[in-house]
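What follows is a single structure, written as structure tokens, with notes after it.
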Amino acid sequence: MTSSSSISTAVSATTATAPVHAQDVDMDAVLRRRATATPDEVAMRFLRNGEDDVVDLTYRQLDQRAARLAHQLRQQLTPGARVLLVLEPGLNYVTALFAIFKAGATAVPSFPPVGTRAVSRFASICNDCGAELVIAEGSLRASEERLNAALSAQGKVPAWLFAGADFFEALDAQSEVAQGAPNADPEFPALLQYTSGSTGDPKGVILSAANLISNSRVLDIRMGTAEKHVGFTWLPPYHDMGLMGALLLSVYSGFTLVMMTPAHFVQRPLRWLKGLSKYRVTSSVGPNFALDLCVDTITDEEVDGLDLSSLKLLFCGAEPVRQATLDRFAEKFGPAGFSSTAYVPCYGLAEATLFISGKADCSAVPHRILLDQASLAAGVIAPATLDAPATAIISCGTVATDHVMMIVDPETREPMPEGTVGEIWFKGASVAQGYLNKPEVSDEVFRAHLARDAQDGPYLRTGDLGFMMDGELYITGRIKDVIIFAGRNLYPQDIEAVAQACHPAIRTNGVAAFAVTRDDKEHLVVVAEILRSAKLNAEDLENVEDAIAAAITLSHGVAPHTVHLAPVSTIPLTTSGKVRRSACRDAFNAGALALVKPRPTPAAAAEADTSTLLPQE
């Protein structure tokens with residue numbers, strides 16, 4: 001891997017370590033190859049209750065299961081149809097996904113339409129992509145009329161295939177079917193990945209068969225082939241990190257993937273680490289908030305029962321990775337054999353299929369640098385000093401193999417020198433074809449060219465800010481989220497981290513910082529969720545507000561205009577748990593953000609309790 005000169009921060013990487021299979025035009029071809037070469041190896045192992053209720057699926061079983069369903073789908077779909085997939089995570093989900101691939105249709109993963117917000121998102125996606133069919137849980141049959149009403153209000157109502165446990169049992173009982181003709185077009189849109197909506201309305205990212213193969217290949221190279229991997233995921237398969245970074249990768253690379261539902265993880269995070277220990281997992285994935293959740297909920301006695309020494313790769317992404325979180329997790333689970341060398345901070349986004357960069361040396365602790373905060377606010381990278389506030393930033397590693405990354409001034413579109421903050425541009429085979437039904441936005445985002453060289457491109461404009469140092473990428477924030485105050489660039493994630501750490505009553509991943517305009521001036525607003533267990537009275541809440549204001553003023557030299565303390569679940573999040581700052585700002589401006597209610601003081605509580613026993617006049 002080489003970095004750029006002092007003039008440009010373009011970075012590319014090449015390698016020839018991963019075997020290239022000419023027949024791997026798409027993921028169906030990969031599965032067919034696995035089913036032929038290693039038919040009896042376990043492809044997926046699903047923990048149905050998150051613990052000891054285990055069911056396996058070999059490559060041959062997965063291939064045949066998917067082929068049977070694909071045979072049925074071809075009878076009712078037009079060529080190239082879009083199929084919305086809203087099954088719950090598990091083996092049936094994997095089967096349906098590969099069946100869609102085999103049927104020559106386009107898969108559209110979506111969050112199950114349960115709850116008002118989810119139904120609205122589901123209807124929007126269904127209408128935008130013009131889905132012909134929805135594959136859903138049998139339990140949703142009772143809601144078909146209500147869901148159709150929501151769909152008809154926005155567009156055409158698709159057909160439904162309710163595929164519960166009985167459906168797949170009947171599928172398994174069928175005799176083997178002949179495989180359909182394999183897809184011969186690598187540019188066929190295999191999947192529509194709808195963005196999680198952290199910066200706006202969800203958009204359908206068009207991912208070709210070749211995009212999926214490219215992303216799997218670069219991840220396979222990054223993992224290395226020194227040993228046979230065992231993977232583990234609880235991430236939702238309708239999110240790019242869970243789908244491309246775990247499920248499809250495991251089939252491409254040929255290792256067993258142990259799966260658990262997101263609900264089982266959230267209910268009891270210990271289940272994830274117990275799974276890593278029990279199945280001697282070598283590779284897993286987890287956003288920053290998941291590591292915090294493990295530290296906060298798992299007891300020292302429970303740590304004693306774990307053995308995490310087999311874990312060699314823990315990919316951390318989907319949201320900013322915080323050094324404090326990595327340190328806490330390593331300290332907590334070091335006694336169980338966890339090593340900080342396993343951390344693989346990485347950077348990616350749906351528009352690049354997934355992976356853009358990540359740690360290259362699997363035996364090293366991720367690099368981090370301490371920067372002078374004032375210089376960073378001015379867009380200049382300078383080492384921290386003892387007498388000034390500092391910001392710790394973790395390296396997101398080197399660029400994906402056979403891809404190019406460049407740091408560019410977003411206004412002038414000129415390359416930026418190393419050590420200077422700019423927008424991250426990316427090009428290569430993993431870059432998606434564009435957004436569905438959005439040609440103008442697609443041209444702006446996916447077909448960018450440098451001002452000095454119109455032939456160099458096209459590049460994907462990520463909208464993210466960062467800089468290169470010694471060939472590695474460091475992320476500083478998103479262009480739209482940056483708060484400009486008195487000529488300085490303030491990064492909301494840094495402000496949120498300071499607020500998070502200043503008081504134990506604040507929920508982990510429960511802070512949003514953004515700017516609002518009042519009287520033609522930018523003002524800083526900080527929203528912090530208070531833990532239900534905190535039970536703070538009015539004076540306690542004032543103390544929390546003061547602590548947040550003081551901590552931010554001390555670290556950033558800016559006093560928040562407003563500190564809004566809210567109950568848990570107030571801050572809007574994406575399906576992957578990222579804070580939706582723009583949505584939070586909109587709710588704040590509309591006066592729609594809830595305020596946490598203070599717990600009565602003992603005297604007031606006693607008076608209230610007594611009054612209920614007295615006769616009412």
>> Listing request: all side-chain hydrogen bond (donor to acceptor under 3.5 Å, both in side chains) pairs with a residue in residues 96-115, at least two apart in sequence or in separate chains.
In response: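 Checked against side-chain hydrogen bond (donor to acceptor under 3.5 Å, both in side chains) - neighbours excluded - the pairs reaching residues 96-115 are Asp28-Lys102, Asp63-Lys102, Lys102-Gln179.
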Is the shortest side-chain heavy-atom distance between [X] and [Y] below 4.5 Å?
| X | Y | result |
| --- | --- | --- |
| Ile213 | Met27 | yes |
| Gln433 | Phe446 | no |
| Pro158 | Leu84 | no |
| Pro189 | Arg82 | no |
| Val108 | Leu436 | no |
| Leu192 | Ile206 | yes |
| Ile571 | Glu529 | yes |
| Leu62 | Val94 | yes |

>> Go through it in stages, so that I can follow the logic: the residues are Tyr252 and Asn215, the test is side chain to side chain contact (heavy atoms under 4.5 Å, CB included), and I'd like the CA-CA distance, side-chain angles, deciding distance and then a yes or no.
In response: CA-CA 10 Å; Tyr252 181 91; Asn215 179 78; over 6 Å; no
Without swapping roles, check the side chain of [X] against the backbone of [Y] for a donor-acceptor pair under 3.5 Å.
| X | Y | value |
| --- | --- | --- |
| Thr261 | Pro89 | no |
| Gln193 | Leu207 | no |
| Ser277 | Leu273 | no |
| Gln72 | Arg68 | no |
| Asn437 | Asp128 | yes |
| Thr462 | Ile424 | yes |
| Arg121 | Phe111 | no |

>> Determine whether Asp402 and Val218 satisfy the following criterion, side chain to side chain contact (heavy atoms under 4.5 Å, CB included), listing intermediate values before the conclusion.
In response: CA-CA 8 Å; Asp402 294 330; Val218 297; 5.9 Å; no
Mind listing the side-chain donor-acceptor pairs of residues 164-177 below 3.5 Å, one per line with the distance, residues two or more places apart or on another chain?
residue: Asp172; atom: OD1; partner: Arg65; partner atom: NE; Å: 2.9
residue: Asp172; atom: OD2; partner: Arg65; partner atom: NH2; Å: 3.4

>> Between Asn211 and Ser208, is the side chain to side chain donor-acceptor pair (under 3.5 Å) condition met? List the steps.
In response: CA-CA 5 Å; Asn211 290 149; Ser208 69; 3.1 Å; yes
>> If you apply the rule side chain to side chain donor-acceptor pair (under 3.5 Å), what do you find for Thr256 with Tyr279, and how did you get there?
In response: CA-CA 10 Å; Thr256 298; Tyr279 296 104; over 6 Å; no
If I compare all heavy atoms of [X] with all of [Y], which pair ends up nearest, and what's the gap?
| X | Y | answer |
| --- | --- | --- |
| Tyr93 | Pro109 | OH-CB, 3.3 Å |
| Val285 | Gly245 | CG1-O, 4.2 Å |
| Phe46 | Met259 | CD1-O, 3.5 Å |
| Cys294 | Pro269 | SG-CB, 4.0 Å |
| Leu133 | Leu73 | CD2-CD2, 3.6 Å |
| Gly275 | Val281 | O-CG2, 3.8 Å |

>> The test is side chain to side chain contact (heavy atoms under 4.5 Å, CB included); show your working for Thr282 and Leu313 and say whether it passes.
In response: CA-CA 6 Å; Thr282 64; Leu313 299 169; over 6 Å; no
> In terms of ring plane angle, is the pair Phe101 and Phe98 parallel, tilted or perpendicular, where the classes change at 30° and 60°?
Replying inline: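 Ring orientation of Phe101 relative to Phe98: perpendicular.
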> Where does the angle between the aromatic ring planes of Phe426 and His403 fall among parallel (under 30°), tilted (30 to 60°) and perpendicular (over 60°)?
Replying inline: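 Parallel, since the angle between the ring planes stays under 30°.
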Measure the spacing between [atom1] of [X] and [atom2] of [Y] and express it to the nearest 0.5 Å.
| X | Y | atom1 | atom2 | result |
| --- | --- | --- | --- | --- |
| Leu47 | Lys278 | CG | NZ | 7.5 Å |
| Glu41 | Thr58 | CD | OG1 | 10.0 Å |
| Asp240 | Leu235 | CG | CG | 9.5 Å |
| Leu212 | Leu243 | CG | CG | 7.5 Å |
| Tyr435 | Asp443 | OH | CG | 12.0 Å |
| Tyr459 | His449 | OH | NE2 | 10.0 Å |

> Going through the distances and angles, do Tyr238 and Tyr194 end up as a ring-ring contact (aromatic ring centres under 6.0 Å, His included)?
Replying inline: CA-CA 9 Å; Tyr238 36 80; Tyr194 275 82; over 10 Å; no
> Taking atom CD of Glu145 as the centre, does the number of heavy atoms from other residues, nucleotides or ligands within less than 6.0 Å exceed 12?
Replying inline: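 Atom CD in Glu145 is not packed in, count stays at 12 or less.
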> If you measure only the distance, is there a donor-acceptor pair under 3.5 Å linking the side chains of His229 and Ser253?
Replying inline: no
>> Whether the Thr95 and Asn92 side chains hold a donor-acceptor pair (N or O, under 3.5 Å, no angle test) is what I'd like checked.
In response: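 Per modelled atom types, Thr95 and Asn92 side chains form no pair under 3.5 Å.
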>> Apply side chain to side chain contact (heavy atoms under 4.5 Å, CB included) to residues Leu314 and Leu291 and explain how you reach the verdict.
In response: CA-CA 10 Å; Leu314 179 53; Leu291 306 186; 4.0 Å; yes
> Does a salt bridge link Asp24 with Arg217, judged by any charged N lying under 4.0 Å from a carboxylate O?
Replying inline: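 Answer for the salt bridge query: no.
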